[in-house]
4 protein chains.
Amino acid sequence: MNNTDKKFRRRAEARPDEMLDAALAVFSEKGFAATKVDEVARRAGVSKGTVYLYFPSKEALMEGIVRRAVAPIAERAVPDMAQFEGDPRLPIAMLVHTLQNLLSDPNNLAVPRLILREIMNFPAIAELYRREVLGKVIPALTALVARGVASGQLRKVDPEMTVRSIVGPIVAHVALSEVFGMRPEEGLALDRLVENHLDILFHGISPAGGEETP
Amino acid sequence: MNNTDKKFRRRAEARPDEMLDAALAVFSEKGFAATKVDEVARRAGVSKGTVYLYFPSKEALMEGIVRRAVAPIAERAVPDMAQFEGDPRLPIAMLVHTLQNLLSDPNNLAVPRLILREIMNFPAIAELYRREVLGKVIPALTALVARGVASGQLRKVDPEMTVRSIVGPIVAHVALSEVFGMRPEEGLALDRLVENHLDILFHGISPAGGEETP
Amino acid sequence: MNNTDKKFRRRAEARPDEMLDAALAVFSEKGFAATKVDEVARRAGVSKGTVYLYFPSKEALMEGIVRRAVAPIAERAVPDMAQFEGDPRLPIAMLVHTLQNLLSDPNNLAVPRLILREIMNFPAIAELYRREVLGKVIPALTALVARGVASGQLRKVDPEMTVRSIVGPIVAHVALSEVFGMRPEEGLALDRLVENHLDILFHGISPAGGEETP
Amino acid sequence: MNNTDKKFRRRAEARPDEMLDAALAVFSEKGFAATKVDEVARRAGVSKGTVYLYFPSKEALMEGIVRRAVAPIAERAVPDMAQFEGDPRLPIAMLVHTLQNLLSDPNNLAVPRLILREIMNFPAIAELYRREVLGKVIPALTALVARGVASGQLRKVDPEMTVRSIVGPIVAHVALSEVFGMRPEEGLALDRLVENHLDILFHGISPAGGEETP
DNA sequence: CATGAATGAGCGTTCATTCAT
DNA sequence: TATGAATGAACGCTCATTCAT
């Protein structure tokens, strides 16, 4: 009798997590509405009733997926970016590269893609995402840009709007690829995108005669 | 019995159009899945059976909405941008301002928003949109940028990726506003976004010591 | 194509009534909880969906049954008993005989039996029954007895409690028969019950000139 | 660890009894169908599995409740009433007063009320109750009345039917109060009912020397 | 053309019961 | 004995689609 034996796994505490994994997989394949709870259960290797032992409803599975994915972001101390003292382009580049790394792994792409797909039917999730992720990242970025402008390290741009210029190209690139299948011949080519994006962005936000990209 | 009489208008050939209007309205309010054909019919002032007289299924309503909205774009001669001979920043700015105008009118926003919301459940629509809209606009933009680079009117940027830098900030701005309700205090503030966006974009893609924004 | 043709009956207005008939039959057989809506539908000769076309829920069927049965009682002018001028024993006997007639027909017995069976799970129905039936019949009877006592045509009894003595034996008899299957050898024998009941009610069981209550 | 310790009390043989208490409480509150075994277990302070250790099914809890309540009645020597030699009105009055006392205590009311509520869904319980309670009390009463008639101590009434006149008013009074909430202003007022009931039962409602039944 | 009554497959959810520990 | 995680059959309700009128 080994560890993968059903009998043994019965009381594993990972059970809810396994169900979220299964739910994420099926939701991603067929969409929330077209997914049957039965299928989530089967994929998780349990019976339908067991799903309801851990999650009160099909919607709760959705929320669970998002909450689990959002938690580390929410916990991570995003705002220390604002206290950064040097060239603001450094943390901006770092953030962009972090995003790049995150999005490179298809596993990490699954949740945002699912959120993108279903969010408008789940106001509660939109609110959660807005509060825990966007509500932290965007103000931090805005403050960073504002400080750069104030210190003269950046041109006199509109900080709030500039945030859109920082993340927008990445969003557009991923959406084009994931939603419409419009991707470069080599594949997702995130590195190419990021390189070009930062090149334009930094030439665009740097003072006249600006130095090299960090 | 005069011309405005319901009986009379009922026989107008505009009937399918009225149904698409109704469907767009309800789909936008509640989402496709949560919308009952009954409600579309009621909103259009006809009976449920009549809807099926013109559209073979609920999905067909969705497709009809998109097809109708996409038609003018598909017909419009997008590619003449590519033949533009002068400063490529001019047609880029024009495109951005056209987008700005389009998105300023909430009516025009309805269809893209609905597409954004439902597209992942409708591969056929994604394909249609990709083929008729993105497949025309993006290559045209790419070509435009490529020509600018070739002629030295733009810096040596990656044309394909630069397209993401052109439309991305607008997409991000609208998505932030429409999906997450994150909008500036004044409202959508598209003009502020566009001004800042073009400012950064043109400083970023212009050759060193680049001139003013056109 | 005759009147019983399914095609013809399609638009009959009797549809809801037929469903209530079917529901009454099945509820009576198996009880509310054990009855499947599917079975009600089948018994009514329609599909499950059709039931929900006329009644919003399974409970609504229950309420519909009771409401329909109660309506004529509620409408019938019960209170003219109170204005009766002569010997109050006459309307009392009449009421008892009316009850006897009602209960003789098994069809009439079905609804009260169902009510008796399910009432404690349907507070709304209890309230309806209390208001529309008991709330009219019992005060009327009480008033009748009170008037009889006042006029000296009845002994000095407690009118409110005496009402229990008027209807109680009948209730007990029917309950014994319907609920526990305890019935006389001849069958329900309502006439024997009523005759004996009125005899005792009007004279008591003590021999003429009977002594004090022990 | 002392005697009141949960661990200790848990092993008491009273365990099944505690479960019946819990079941009675919950069944009374919500009805049998709406009660979850889980809740009975929680109320009894044990786990769901333990309930099934003592009772093979949810229905068995119901039967257990009734059987336990019925046992003392069944054991008590009811029939000695029949051997009573004096005025039959005496044991009749005694029985009524016994009933009155029983019903005065809400605790005693719980089981009959539950039986009343659920009996039609439990033929086995109806049968048990019929055999052990009604099947003993009613024949005893019938015999008592029959003897009274035979001895001339009662008028020539129908013994079998007269039993309904003895218990019916009490049943009706309690049902009116418990099922429909129709009770006198002072409360249940069982004493008032019993006094009036016996008065009428023994004397009727007609004035002394009252005329024929109308 | 238009209606709307009728259909019935489909799915989320509940809960009594089981059984490995 | 006692536990409580797991099961899965069962059922109420919805709604896209059809079709007789």
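Convention: sequence-line order gives letters A, B, ...; per-chain numbering from 1. Values in this document were obtained by computation on a predicted structure and should not be read as measured data.
Not a single side-chain hydrogen bond (donor to acceptor under 3.5 Å, both in side chains) links A/D38 to another residue, sequence neighbours left out. In this view, B/E63 and B/R67 satisfy the salt bridge (Lys or Arg N to Asp or Glu O under 4.0 Å) rule, not counting sequence neighbours. Every side-chain contact (heavy atoms from CB on, under 4.5 Å) that C/S47 has, sequence neighbours left out, goes to C/T50. Taking D/A25 as the reference, D/R43 meet the side-chain contact (heavy atoms from CB on, under 4.5 Å) condition, with sequence neighbours excluded.
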Point to revise | Dot-bracket summary - DNA chain F, pairs being Watson-Crick or G-U whose distances fall under 3.5 Å, with | when paired to another strand | key: .||||||||||||||||||||
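Atom OH of D/Y129 is separated from atom CD1 of D/I115 by 5.0 Å, given to the nearest 0.5 angstrom.
Put simply, CD on A/E39 is 11 Å from P on E/dG12, counting in whole angstrom units. What separates CG of C/L53 from P of F/dT18 is a distance of 18 Å, to the nearest Å. What separates CZ of D/F55 from C1' of E/dA16 is a distance of 16 Å, to the nearest Å. Distance, A/L61 CG to E/dC11 C1': 14 Å, rounded to whole Å.
Comparing the same atom, C1', in E/dC1 and in F/dT21 gives a spacing of 13 Å after rounding to whole Å.
Of all non-hydrogen atoms in A/F27 and A/R117, the two that sit nearest each other are O-NH1, 3.9 Å.
For E/dA2, one of the phosphate oxygens OP1 or OP2 lies less than 4.0 angstrom from a side-chain nitrogen or oxygen of B/Y54.
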Review point. B/D21 and B/R68: side chain to side chain contact (heavy atoms under 4.5 Å, CB included), yes or no, with the steps?
Key: CA-CA 10 Å; B/D21 290 341; B/R68 182 179 63 166; 3.0 Å; yes
Check your understanding: Reading nucleotides 8-13 of chain F 5' to 3', which nucleotides get B (base under 4.0 Å from a protein heavy atom), which S (sugar-phosphate only), which -?
Key -> B-BSSB
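By the 4.5 Å heavy-atom criterion applied to side chains, D/V66 and D/F122 are not counted as neighbours.
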